[in-house]
Amino acid sequence: MLLSLVLHTYSLRYMLPAAVMLGTAPTYFLSWAVWRLVSSLLPARLYHEVDDRLYTVYQSTVLFFFENYTGVEVIIYGDLPKNKENIIYLSNHQCTVDWIIADMLAVRQNALGHVRYVLKDGLKFLPLYGWYFSQHGGIYVKRSAKFNEKAMRDKLLAQVKTKASMYLVIFPEGTRYNPELPKVIGDSQAFAAKEGLAVLKHVLTPRIKATHVAIDAMKDYLDAVYDVTVAYEGTVDQKGQRKIAPSMSDFLCKECPKIHIYVERIELKDIPEEQIFMKRWLHERFAIKDKLLIEFYEAKDPEKRNKFSVKGFNSRLSLTKTLPSLLFLSGLTACMLMTESGRKLYVKTWMYGTLIGCLWVSIKA
């Protein structure tokens, strides 16, 4: 019975945040849907500006739980500018928390509402979220031969035309690096060797298509590319072998004490334009990531492990950035659920929003 109580208490550590984040989603979605309908008669630029502000409210609520609630230490290395820019964010990919890492950096540049993702196609069917991410400027892509370059380029150019602020997040590996899936890692390494590229140990061989289309389509609009390397402390076992990175539920259960984020800002002029040369450039960037992660996980000197080789700083996120959004969105949801008509609307938003969203993304996304 004592064990059952401990497990129940442990599960509550992520159930409460999950309940709030998912529970406020219909309220947020309904607010967005009203604005989307009203703004259909207004300039597209105005839609994006207000949508970005709405998105900031919801993502600030998410960050309250992932930073303030967990108490995780965020250590930033390199050259993250203080002011927001139009950028492409290229990062290694290990777990779903990687999406939140992009938010953590963006909020420190007052650019949280501008975060847009390049996502694998299957995620477009997520209830409410799948449709919304597409409407917010996210792009769903299929792998390899099914990749629709024209659709991605057209969507990016449409956003550039409306001068929508851009913080486009791409994970070029195409899937997560998972040490429990050695075949995926082995196939990635074999492909690199076949192509005459450096074989990588702690990251997968990056794919070039989405990165090339994004940079090529927005080269006159972007200020820079951020090359981001993320390491989660506590993901090495007693034998020195890498473990799987924390899931969102693990993270909310406070199982990750520190996140280490290395940022390198790259000027567009330093990136080759031709895809064949950009492919090699991107692989070289991931080779640099690999060296950083080898030092982080495998440094012979124990004092040099669990940190990158350059000086970093502990960046704490103020409650003033997150708590007001949490209180506002939670309060709005509570008010909605206090009346019978509000509860019916809430349930219908989940049901019909999901159904219409799935139909929409099946046709449009």
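Scope of the values below: all heavy atoms of this structure, side chains included, with no hydrogens, waters or symmetry mates. Numbers here are sequence positions counted from 1.
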Trainee: Between Met104 and Leu63, is any pair of side-chain heavy atoms under 4.5 Å apart?
Mentor: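 Result yes, sub-4.5 Å side-chain heavy-atom pair found.
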
Trainee: Looking at Val57, is its backbone amide N or carbonyl O close enough to the side chain of Thr61 to form a donor-acceptor pair, meaning the two atoms are under 3.5 Å apart?
Mentor: yes

Trainee: Below 4.0 angstrom, N of the basic side chain to O of the carboxylate: do Lys84 and Asp223 qualify?
Mentor: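 Here Lys84 does not pair with Asp223 in a salt bridge, since their nearest N and O are not under 4.0 Å apart.
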
Trainee: Is there a side-chain contact between Arg116 and Tyr55, using heavy atoms and a 4.5 Å cut-off?
Mentor: no

Trainee: Any side-chain to backbone donor/acceptor pair from Arg108 onto Ser315? Under 3.5 Å, distance only.
Mentor: yes

Trainee: Check the orientation of Tyr262 and Tyr77. Use parallel for under 30°, tilted for 30 to 60°, and perpendicular for over 60°.
Mentor: parallel

Trainee: Measure across Tyr167 and Ala102 and return the closest heavy-atom pair with its distance rounded to 0.1 Å.
Mentor: CE2-O, 4.2 Å

Trainee: In terms of side-chain geometry, is the basic nitrogen of Glu49 or Arg45 positioned less than 4.0 Å from the acidic oxygen of its partner?
Mentor: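 Looking at Glu49 and Arg45, the cut-off is met.
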
Trainee: Is there a chain of hydrophobic side chains (I, L, V, M, F, W, Y, each step under 4.5 Å between heavy atoms) that links Tyr69 to Met248?
Mentor: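 As far as the 4.5 Å side-chain criterion goes, Met248 and Tyr69 are connected within one cluster.
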
Trainee: Does Asp270 CG have over 12 foreign heavy atoms under 6.0 Å away?
Mentor: yes

Trainee: Test of understanding: clusters of I, L, V, M, F, W, Y form through side-chain heavy atoms closer than 4.5 Å, transitively. Do Leu22 and Leu337 belong to the same one?
Mentor: yes

Trainee: Give a yes or no on whether the backbone of Lys201 and the side-chain of Tyr177 come within a donor-acceptor separation of less than 3.5 Å.
Mentor: yes

Trainee: Under 4.0 Å between a Lys/Arg side-chain N and an Asp/Glu carboxylate O for Asp98 and Arg176?
Mentor: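 Looking at Arg176 together with Asp98, the answer is no, because their closest N to O distance does not fall below 4.0 Å.
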
Trainee: Between Thr235 and Pro246, is any pair of side-chain heavy atoms under 4.5 Å apart?
Mentor: yes

Trainee: Within a reach of under 6.0 Å around NZ of Lys209, are more than 12 heavy atoms found that belong to other residues, nucleotides or ligands?
Mentor: yes

Trainee: Just wondering, are more than 12 heavy atoms of other shown residues or ligands nearer than 6.0 Å to NZ in Lys254?
Mentor: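 Yes.
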
Trainee: What do you reckon, is CZ of Arg53 surrounded by more than 12 foreign heavy atoms closer than 6.0 Å?
Mentor: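 Count not over threshold, so no.
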
Trainee: Mind checking whether Tyr346 and Trp350 have side chains closer than 4.5 Å, heavy atoms only?
Mentor: yes

Trainee: So, taking the atom named CD in Glu173 and the one named NZ in Lys289, what distance separates them when rounded to the nearest 0.5 Å?
Mentor: 8.0 Å

Trainee: Under a 4.5 Å side-chain heavy-atom rule over Ile, Leu, Val, Met, Phe, Trp and Tyr, are Tyr28 and Phe133 clustered together?
Mentor: yes

Trainee: Tell me whether Ile170 is reachable from Ile87 by hopping between hydrophobic residues (I, L, V, M, F, W, Y) whose side-chain heavy atoms are closer than 4.5 Å.
Mentor: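 Ile87 and Ile170: separate clusters.
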
Trainee: CZ of Arg305 to CD of Glu295: how many Å apart, nearest 0.5 Å?
Mentor: 13.0 Å

Trainee: To the closest 0.5 Å, what do you measure between OH (Tyr226) and CG (Leu90)?
Mentor: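 The distance works out to 12.0 Å.
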
Trainee: Side-chain heavy atoms under 4.5 angstrom apart, residues restricted to Ile, Leu, Val, Met, Phe, Trp, Tyr: same cluster for Leu181 and Phe191?
Mentor: no

Trainee: If you round to the nearest 0.5 Å, how far is CG of Leu332 from CE of Met336?
Mentor: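 Rounded to the nearest 0.5 Å, the CE-CG separation comes out at 8.0 Å.
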
Trainee: Among all residues two or more places apart in sequence or in another chain, which pass the side chain to side chain contact (heavy atoms under 4.5 Å, CB included) test with Leu123?
Mentor: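 Only Trp99, Leu119, Lys120, Leu126, Tyr140 meet the side chain to side chain contact (heavy atoms under 4.5 Å, CB included) criterion with Leu123.
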
Trainee: Atom NE2 of His93 and atom CG of Asn178: how far apart are they, to the nearest 0.5 Å?
Mentor: 11.0 Å

Trainee: Are Asn306 and Glu233 linked by a side-chain donor-acceptor pair shorter than 3.5 Å?
Mentor: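 Side chains of Asn306 and Glu233: no pair found under 3.5 Å.
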
Trainee: Report the distance from atom CE of Met351 to atom CD1 of Ile356, rounding to the nearest 0.5 Å.
Mentor: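 Met351 atom CE to Ile356 atom CD1 measures 11.0 Å (nearest 0.5 Å).
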
Trainee: Is any side-chain heavy atom of Thr229 closer than 4.5 Å to a side-chain heavy atom of Phe308?
Mentor: yes

Trainee: Under a 4.0 Å threshold between the charged nitrogen and the carboxylate oxygen, would Glu195 count as salt-bridged to Lys279?
Mentor: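 So Lys279 pairs with Glu195 through a salt bridge.
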
Trainee: Is atom CD of Glu267 surrounded by more than 12 heavy atoms (other residues, nucleotides or ligands) closer than 6.0 Å?
Mentor: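 Yes, enclosed.
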
Trainee: Not counting sequence neighbours, which residues clear side chain to side chain contact (heavy atoms under 4.5 Å, CB included) with Leu252? List them please.
Mentor: Tyr14, Pro17, Met21, Phe65, Phe66, Thr70

Trainee: Looking at side-chain heavy atoms only, is the closest gap between Val141 and Asn148 below 4.5 Å?
Mentor: no

Trainee: Less than 3.5 Å apart, any donor N or O on the side chain of Tyr221 or Gln159 sitting next to an acceptor on the other?
Mentor: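 Side chains of Tyr221 and Gln159: no pair found under 3.5 Å.
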
Trainee: Output yes when a side-chain donor or acceptor of Arg265 lies under 3.5 Å from a complementary backbone atom of Pro81, and no otherwise.
Mentor: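 Between the backbone of Pro81 and the side chain of Arg265 there is no qualifying donor-acceptor contact (under 3.5 Å).
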
Trainee: Looking only at side-chain N and O atoms, does Thr205 offer a donor or acceptor that is under 3.5 Å from a partner on Ser188?
Mentor: yes

Trainee: Can you tell whether the side chains of Glu298 and Lys300 come within less than 4.0 Å, N to carboxylate O?
Mentor: no

Trainee: Between Asp51 and Tyr132, is any pair of side-chain heavy atoms under 4.5 Å apart?
Mentor: yes

Trainee: With respect to Lys321, which candidate in Asn110, Asn68, Thr56 satisfies the side chain to side chain contact (heavy atoms under 4.5 Å, CB included) definition?
Mentor: Asn110

Trainee: Please say which of Phe125, Tyr352, Trp32 ends up in a ring-ring contact (aromatic ring centres under 6.0 Å, His included) with Trp131.
Mentor: Trp32

Trainee: Would a 4.5 Å heavy-atom cut-off, applied to side chains only, mark Met218 and Leu168 as touching?
Mentor: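 A side-chain contact exists here, since the closest heavy-atom pair is under 4.5 Å.
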
